[in-house]
Amino acid sequence: MTDTPTQLFIGGAWLDAADGATMPVDDPATGEIICHIADAGPKDARLAEDAAVQAQEEWARTAPRARSEILRRAYEIILERSDGLAHLMTAEMGKPLAEARGEVAYAAEFFRWFSEEAVRIDGGAGILPDGRNRMLLSRRPVGPCLLITPWNFPLAMGTRKIGPAIAAGCTMVLKPAPQTPLSSLALAAILKEAGLPDGVLNVVTTSRAGEVCEPLLRGGRIRKLSFTGSTAVGRLLLAQSAEAVVRTSMELGGNAPFVVFEDADLGKAVDGAMLAKMRNMGEACTAANRFFVHHSVAEEFGRRLAERMGALVVGPGTRDGVDVGPLIDRTGRGKVEALVADAVERGARVLVGGRTPEGPGCFYPPTVLTDVSPESRLMDTEIFGPVAAILTFGDEDEVIPRANDTPWGLVGYVFTEGLERALRVSERLEVGMVGLNTGLVSNPAAPFGGVKQSGLGREGGRVGIDEFLEYQYLAVPVR
Ligand code: NAP
């Protein structure tokens with residue numbers, strides 16, 4: 001970790017904050033400070049924006065093949081350094097090393113995917129309906145972007161935005177979450193090594209997100225905001241973006257239903273539940289938040305899930321054999337504790353877990369609650385922790401409105417062995433993604449994103465690059 005950068009990355013140089021401010025980065029497994037990093041203020045943000053604006057024109061003219069090869073090289077370097085990056089991520093975020101290694105591979109894959117997309121940006125030509133005029137369509141980078149990322153996937157949430165921005169020919173200012181800035185700084189160093197020109201990517205780490213980002217959004221030079229985080233912050237940033245009519249992509253919160261029908265293969269459903277609930281200790285926007293299980297199989301499902309959850313080993317992510325690391329911080333854990341206490345007060349039974357352990361670190365045990373009241377607060381709050389809340393239902397027409405009864409619509413999970421039911425239910429769910437007999441939907445080759453208050457736009461897949469491109473139409477009369 002000694003060679004991990006701790007300064008701001010602006011115009012290709014590593015700089016201290018203009019006022020010399022620094023902030024600590026903590027290890028959530030111990031509560032101890034790992035290191036101090038530069039804490040940017042508005043002056044630094046302005047400098048980063050200047051660098052991105054200055055680099056934009058030349059970067060847009062850079063050959064797509066050259067942009068593609070930088071991404072490809074960065075992909076290879078990430079894989080070569082996988083172990084070091086995984087340790088860094090576990091130190092700042094807490095996830096077990098095996099999961100951190102998985103995220104490194106997932107993050108790298110966005111660079112490989114978009115290195116392939118960079119050289120496939122299409123255009124078009126056509127004869128207009130009057131038969132005289134022609135149109136030529138070309139696609140151009142939208143311009144300098146502001147990218148804001150959360151702490152839960154410190155590397156992948158960055159590469160999912162940086163990859164398509166580089167491929168499209170956009171320059172950027174990246175503001176990572178203050179809990180997990182080190183992965184983003186390491187990524188900036190890798191991109192520099194891979195040949196990314198100075199100023200194309202600038203990284204400002206800060207504890208003053210509002211002061212740093214708002215002037216950029218209102219200033220008129222940033223042309224695109226790509227944000228991943230909570231719906232509440234997304235809403236605020238949308239309002240700020242309105243003033244200078246900044247184009248936005250929003251990957252926001254979720255409240256995923258996980259529906260198990262009476263004809264489901266319960267083995268598959270429990271495997272799916274473990275993935276959909278426990279990936280990233282439940283700290284994922286895709287985490288199953290509400291388990292609706294047909295009353296005829298609910299007891300068996302709950303028993304088998306509790307057995308699997310109870311067998312997981314909780315501890316520091318660096319220790320061998322650990323399945324579940326600490327939550328991100330005490331605030332995050334306090335929220336989980338309060339949601340469980342509320343559910344229990346309203347009649348939920350605890351099948352396993354539910355008790356905060358003594359000692360340092362932000363640990364919380366895998367927990368299964370059954371007989372959960374629909375009035376419980378966790379029904380309309382992202383739990384963001386290792387807690388599975390089970391409710392029962394009677395039939396399809398009853399469960400679908402209940403699953404859709406939320407302002408969010410990111411992902412839903414459906415378990416049934418009936419093909420027609422699988423398709424019918426998936427089509428009726430108000431979500432951007434469905435896991436059909438699987439608890440994992442994320443894949444760089446697929447369009448990731450939600451409907452309703454879960455967001456605007458898609459990341460990844462063939463369409464991921466579209467978020468960073470504009471059409472230009474040329475009218476050509478032919479006489
Ligand atoms: P958050 O509190 O909304 O923060 C996300 C990012 O926004 C952080 O970098 C944060 O920095 C920054 N931010 C907060 N206020 C800001 C402001 N006024 N101006 C500019 N930036 C601001 O979310 P989080 O707790 O980090 O992440 C968890 C949330 O992200 C969950 O709701 C989860 O569902 C969602 N998420 C969604 C996806 C998806 O793809 N849909 C993926 C992952 C996570 P500060 O912390 O310094 O405020």
Side-chain angles (χ1 to χ4, degrees), residues 23 25 37 39-42 45 92-93 103 106-107 110 146-161 173-181 183-184 203-218 222 225-241 246 248-256 279-289 327-329 331-333 335 380-385 406-411 431-433 441-444 446-461 464 467:
M23 61 182 188
V25 181
I37 60 162
D39 185 359
E92 65 178 351
M93 191 272 169
E103 184 183 335
Y106 173 56
F110 283 105
L146 174 62
L147 315 178
I148 303 178
T149 53
W151 49 262
N152 59 347
F153 291 96
L155 207 58
M157 295 301 97
T159 58
R160 202 164 75 171
K161 298 183 189 306
V173 176
L174 167 68
K175 192 216 80 65
Q179 296 93 333
T180 57
S183 296
S184 298
V203 184
V204 286
T205 51
T206 182
S207 63
R208 296 168 274 174
E211 275 176 63
V212 158
C213 296
E214 189 171 352
L216 303 195
L217 286 176
R218 293 190 191 277
I222 289 291
L225 166 67
S226 179
F227 172 74
T228 298
S230 61
T231 298
V233 173
R235 207 177 279 128
L236 177 82
L237 297 177
L238 277 170
Q240 292 176 5
S241 301
V246 173
T248 57
S249 302
M250 295 273 150
E251 295 289 347
L252 308 177
N255 183 10
R279 180 172 178 234
N280 224 36
M281 288 89 72
E283 294 172 318
C285 52
T286 49
N289 214 55
L327 296 181
I328 188 68
D329 52 29
T331 313
R333 182 171 73 176
K335 177 180 153 193
D380 59 11
T381 313
E382 265 188 302
I383 302 170
F384 246 57
T406 166
W408 289 287
L410 188 62
V411 58
V431 291
M433 302 175 287
V441 293
S442 307
N443 190 298
F448 188 102
V451 300
K452 292 159 77 176
Q453 294 188 29
S454 284
L456 299 169
R458 293 292 181 271
E459 288 191 325
E467 303 284 335

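In each ligand, atom 1 is the first atom listed, and ligand 1 is the first ligand listed. These numbers come from the heavy atoms of this one structure, side chains and all, not from hydrogens, waters or symmetry mates. Everything numeric here is computed off the predicted structure, so don't read it as measured data.
Considering backbone and side-chain N/O of T149, one or more are found under 3.5 Å from N/O of ligand 1. Looking at L252 next to ligand 1, an N or O pair under 3.5 Å apart turns up. Taking only nitrogen or oxygen atoms, main chain and side chain alike, Q240 does not reach within less than 3.5 Å of ligand 1. In terms of polar-atom proximity, S207 is not counted as a contact of ligand 1, lacking any N or O under 3.5 Å from an N or O of the ligand. Any N or O atom pair closer than 3.5 Å counts here, and T206 shares no such pair with ligand 1.
A search for side-chain hydrogen bond (donor to acceptor under 3.5 Å, both in side chains) contacts involving K175 returns nothing, not counting sequence neighbours.
S183 and E92 are linked by a side-chain donor-acceptor pair at a separation below 3.5 angstrom, with hydrogens and angles left out of the test.
Contacts with ligand 1 closer than 4.0 Å are made by no heavy atom of E214, backbone or side chain. Of all the heavy atoms of F227, the ones lying under 4.0 Å from any atom of ligand 1 belong exclusively to the side chain. At a heavy-atom distance under 4.0 Å, atoms from both the backbone and the side chain of T228 approach ligand 1. When heavy-atom distances to ligand 1 are checked against a 4.0 Å cut-off, E382 comes that close only through its side chain, counted from C-beta outward.
Panel note: side chain N289, backbone I383; a donor-acceptor pair is recorded below 3.5 Å. Side chain of S454 to main chain of G253: a donor-acceptor pair is present (N/O by atom type, distance under 3.5 Å, no hydrogens or angles). A distance-only check finds a donor-acceptor pair linking the side chain of R208 to the backbone of D39 [under 3.5 Å]. Between the side chain of E214 and the main chain of Q240, no donor-acceptor pair closer than 3.5 Å is present. Judged by distance alone, with hydrogens and angles left aside, the side-chain atoms of E382 form a donor-acceptor pair with the main-chain N or O of G254 at under 3.5 Å. A donor-acceptor pair under 3.5 Å is absent between the side-chain atoms of T406 and the main chain of N255, judged by distance alone. In this structure a side-chain-to-backbone donor-acceptor pair under 3.5 Å is missing from K335 to G385.
Taking only non-hydrogen atoms, the option from R160, E459, M23 nearest to atom 40 (O) of ligand 1 is R160. Of all the listed residues (A209, S230, P150), A209 holds the heavy atom that lies closest to atom 22 (C) of ligand 1. Looking at A287, A177, P178, it is P178 that brings a heavy atom closest to atom 46 (O) of ligand 1.
In the vicinity of C213, heavy-atom distances shorter than 4.0 Å reach the ligand 1 atoms 20 (C). Each of the atoms 18 (N) of ligand 1 lies under 4.0 Å from some heavy atom of L236. Distances below 4.0 Å separate heavy atoms of L237 from the following atoms of ligand 1: 19 (N), 20 (C). Of all atoms in ligand 1, listed by their number and element, those nearer than 4.0 Å to a heavy atom of N152 are 43 (C), 44 (C). Near V233, meaning under 4.0 Å from any of its heavy atoms, are these atoms of ligand 1: 3 (O), 13 (N), 14 (C), 15 (N), 16 (C), 22 (C). Interface atoms of ligand 1 facing G253, defined by a heavy-atom separation under 4.0 Å, are 32 (O), 34 (O).
Remark: E467 does not engage R458 in a salt bridge, criterion side-chain N to carboxylate O under 4.0 Å.
Shortest contact from atom 35 (C) of ligand 1 to any protein heavy atom: G229 O, 3.2 Å. At the top of the distance list for atom 12 (C) of ligand 1, counting protein heavy atoms only, stands I148 CG2, 3.8 Å. For atom 25 (O) of ligand 1, the closest non-hydrogen atom of the protein is W151 NE1, 3.1 Å. Looking only at heavy atoms of the protein, atom 36 (N) of ligand 1 is closest to C285 CB, 3.6 Å. Looking from atom 33 (C) of ligand 1 to the surrounding protein, the closest heavy atom is F384 CZ, 3.4 Å. Annotation: atom 11 (O) of ligand 1 to nearest protein heavy atom, K175 NZ, 3.2 Å.
Distance check on atom 4 (O) of ligand 1: every protein heavy atom falls at or beyond the 4.0 Å cut-off.
In this structure the side chain of C285 reaches within 4.5 angstrom of the side chain of F448, judged on heavy atoms. Side-chain contact between M157 and E251: absent, with no pair of heavy atoms (C-beta onward) separated by less than 4.5 Å.
A distance of 3.5 Å separates CZ in F153 from CG in N280, rounded to the nearest 0.5 Å. If you take NZ on K161 and CG on L146, they are separated by 10.0 Å, rounding to the nearest 0.5 Å.
Under the side-chain hydrogen bond (donor to acceptor under 3.5 Å, both in side chains) criterion, no residue pair touches residues 146-156, with sequence neighbours excluded.
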